[in-house]
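Written out below as structure tokens is the structure these notes cover.
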Amino acid sequence: MALVTEWVNVTDNISIIARESGEVWFKTRTGTKEGLDPFATPMTGVGAMGSTVGLLDGAINLGFATIENRLARPDLTLAGYIVALVGCYHTTVDSPRNLRRAASRFKELGRPEVATYLEERAREETGHDRLALKDLRALGVPAERLVANFVPEGIKPLCKRFDDLCIQDYPIGCIGYSYCLERIAALKQETDIEKVQAMCPDGVDVTRFLRAHSSLGSEAAHVEEAIDFVASLPANDRIRVVQETYESALIMAEGYNHELLKSEAEILKELEQALGEALPYGPSRGAVLGPRHERNSAIEAGT
Ligand SMILES: [Fe+2]
Ligand SMILES: [Fe+2]
């Protein structure tokens with residue numbers, strides 16, 4: 001049987017092309033003579049896991065590539081980690097409700113298989129916001145007050161994107177958004193978790209959220225399930241999911257970079273303003289534990 005080839009136009013002039021065998025190409029359409037480009041028209045065939053994952057991961061790489069050269073690479077600090085946990089709380093607290101809303105819309109649309117998938121996702125994600133709260137409490141931070149008063153600037157557009165996607169008339173894009181966040185979280189390794197834990201006193205566990213949203217937690221399985229499900233969707237749906245994965249990666253890359261570019265003094269000021277009191281921590285003194293940046297950073301949020 002011939003190998004499956006899939007393609008999606010993610011910008012006005014860039015297409016991602018992926019084969020079932022794992023090869024991925026980024027094709028610019030500029031200069032192609034009209035009528036000669038077989039990828040100019042939307043794909044209509046079936047998907048396959050090997051090609052679908054190529055499109056999805058290609059979309060994330062393309063989204064991050066737009067800011068790759070100006071990515072912030074600050075050192076990991078407790079204050080920065082606290083902000084990251086607040087971000088994690090906000091990107092997860094409404095996920096189950098949003099996913100259920102999208103699920104009920106797919107039920108109305110006569111797509112029970114999509115509804116069932118989203119309902120299952122909602123169940124899996126329930127309670128993940130509480131992991132972030134527990135980690136904040138373990139750090140001695142008044143967690144509820146902090147998250148009530150503070151949404152990191154760079155996280156706001158991400159939260160808004162998911163809210164908007166889930167209330168659309170045809171909310172298939174929410175699967176692309178979730179894939180983007182989960183795929184990036186699943187890149188985190190044990191060493192990323194150890195670096196965070198090393199900043200904290202022995203016996204204080206501040207990595208519940210991070211562990212659950214890493215290669216050690218359920219995230220790797222969620223990613224596999226998502227690829228399997230997206231590959232089973234009709235071509236039009238796969239196109240929209242991949243396009244939204246790209247849009248979400250762009251928003252995520254910009255947002256995280258915005259947060260990571262802040263100095264520790266700025267971060268502490270923001271946190272203290274939100275809390276109305278000083279943090280239990282002052283500026284870090286030599287707490288340099290390696291870079292926190294990019295897709296496998298220990299600091300980034302997941303779903
Ligand atoms: Fe997940
Ligand atoms: Fe989660």
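When a ligand or atom number is given, it counts from 1 through the structure's own listing order. Below, all heavy atoms of this structure are taken into account, side chains as well, without hydrogens, waters or symmetry copies. Since we're looking at a predicted model, the values are computed, not measured.
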N, O or S of Glu124 under 2.8 Å from the Fe ion (ligand 1): no

Counting backbone and side-chain atoms alike, is an N, O or S atom of His213 positioned under 2.8 Å from the Fe ion (ligand 1)?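 Of the N, O and S atoms in His213, none lies under 2.8 Å from the Fe ion (ligand 1), which means no.
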
Of all N/O/S atoms in [X], which lies nearest to the Fe ion (ligand 1)?
X: Glu125; result: OE2
X: His222; result: ND1
X: Glu219; result: OE1
X: Glu182; result: OE2

Kindly assign one of parallel, tilted or perpendicular to the pair His213 and His128, based on the angle between their ring planes and the thresholds 30° and 60°.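 Perpendicular.
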
Which atom name does His128 have for its N/O/S atom nearest to the Fe ion (ligand 2)?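 Result: ND1.
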
Report yes or no: do Gln189 and Thr191 form a side-chain donor-acceptor pair below 3.5 Å? no

Under 3.5 Å, is there a donor-acceptor pair between the Asp205 and Thr207 side chains?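 Yes, a side-chain donor-acceptor pair sits under 3.5 Å.
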
Take a 6.0 Å sphere around CD of Glu266 and say whether it holds more than 12 heavy atoms from other residues, nucleotides or ligands.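 Yes, the 6.0 Å shell around CD holds more than 12 heavy atoms from other groups.
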
Contacts under 3.5 angstrom, residues 42-50 side chains, donor-acceptor by atom type, not counting sequence neighbours:
none

Say whether, by atom type as modelled, one donor and one acceptor occur between the side chain of Asn149 and the main chain of Leu275 under 3.5 angstrom. no

